[in-house]
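Before any comments, here is the structure.
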Amino acid sequence: MIPPGSGFPTDNASASTPVAVTAADVERLAAGAPSLAEVSGRSSVCRACPRLVTWREEVAETKRASFATETYWGRPVTGWGATRPKVLVLGLAPAAHGGNRTGRIFTGDRSGDWLFAALHRAGLATQPTSTTAYDGQELLHTRISLPVRCAPPANKPTPSERDACAPWLVAELRYVLPTVRAIVVLGAFGWGATLTCLRKLGVPMPVKAPAFGHGVELELPGLTVLGCFHVSQQNTFTGRLTEQMLDDVFRRATDLAGLA
Ligand code: SF4
């Protein structure tokens with residue numbers, strides 16, 4: 001595990017960053033974070049979900065054989081990219097040997113390969129791959145974040161873990177939402193979590209919001225939420241999500257954001 005204040009490119013924490021150890025701590029520390037960087041810093045040292053803390057650190061210790069020589073991040077993974085984004089991409093949670101290893105969301109795994117290739121084709125990323133936090137990749141007018149910041153076993157956070165983590169995303173959205181015109185949500189879990197966070201921020205929402213689906217759009221004042229199948233191998237290997245489908249969603253997002 002990489003300790004806070006390590007100088008790692010995605011590390012916004014220091015030895016004095018307050019550490020949340022309960023869901024109530026998350027509520028308080030997220031609501032009181034005085035800047036976007038502080039939201040990232042505080043969330044990156046969070047220990048509020050015992051099961052996820054144990055899992056992320058165990059994975060970082062045991063490692064996958066092919067990454068045996070690497071030091072895993074082993075901490076919560078935070079939002080990353082533009083601080084005044086026009087497009088926001090929201091996933092689910094870091095992958096055990098992807099973001100939990102590299103410290104950057106959608107970096108160093110197959111899902112990230114798909115996502116960054118599409119972002120690059122859409123003109124939203126400077127490189128078609130995202131391999132390490134040191135790879136020089138930059139997001140253009142775009143930010144990527146996630147509703148659950150620790151890698152969960154079997155990629156399945158519990159409802160209480162989802163709820164415990166929500167204040168971090170709410171706090172992040174409070175800072176970035178004013179410039180966002182399109183939110184691309186990858187998967188049903190992220191869809192539900194995103195709408196909950198938007199409600200908490202007071203964004204006017206229809207009484208009956210549409211259920212998640214690929215290509216579903218929810219138009220809200222000043223921004224549109226777009227549903228997209230998750231870039232997981234389950235979807236990309238089976239052809240449920242194709243490059244064309246992903247490109248269509250990002251074309252729509254760049255149109256809405258005035259970036260086309
Ligand atoms: S999932 Fe979120 S709330 Fe839970 S320990 Fe990780 S960062 Fe904290």
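Whatever order the structure lists them in is the order used to number ligands and atoms, beginning at 1. Keep in mind that this is a model prediction, so the values were computed, not measured.
- Checking each of T78, D135, T132 against R104 for a side chain to side chain donor-acceptor pair (under 3.5 Å) leaves exactly one that passes, namely D135.
- Less than 4.0 angstrom separates some heavy atom of L52 from each of these atoms of ligand 1: 1 (S).
- Remark: minimum distance from atom 4 (Fe) of ligand 1 to any protein heavy atom is reached at C49 SG, 2.3 Å.
- Atom 6 (Fe) of ligand 1 does not have C46 among its coordinating residues (no N/O/S atom, backbone or side chain, under 2.8 Å).
- Of all the heavy atoms in G79 and R149, the pair that sits closest is N-NH1, 3.8 Å.
- Proximity to C165 (heavy-atom distance under 4.0 Å) selects the following atoms of ligand 1: 1 (S), 2 (Fe), 3 (S), 7 (S).
- Those atoms of ligand 1 that come under 4.0 Å of a heavy atom in C150, given as number and element, are 1 (S), 5 (S), 6 (Fe), 7 (S).
- When all heavy atoms of W73 and F8 are compared, the pair lying nearest together is CZ3-CD2, 3.3 Å.
- Taking the six-membered ring for Trp and the full ring otherwise, F189 and H230 have centroids separated by 6.0 Å or more.
- For T142 (side chain) and L139 (main-chain N/O), no donor-acceptor pair under 3.5 Å exists by modelled atom type.
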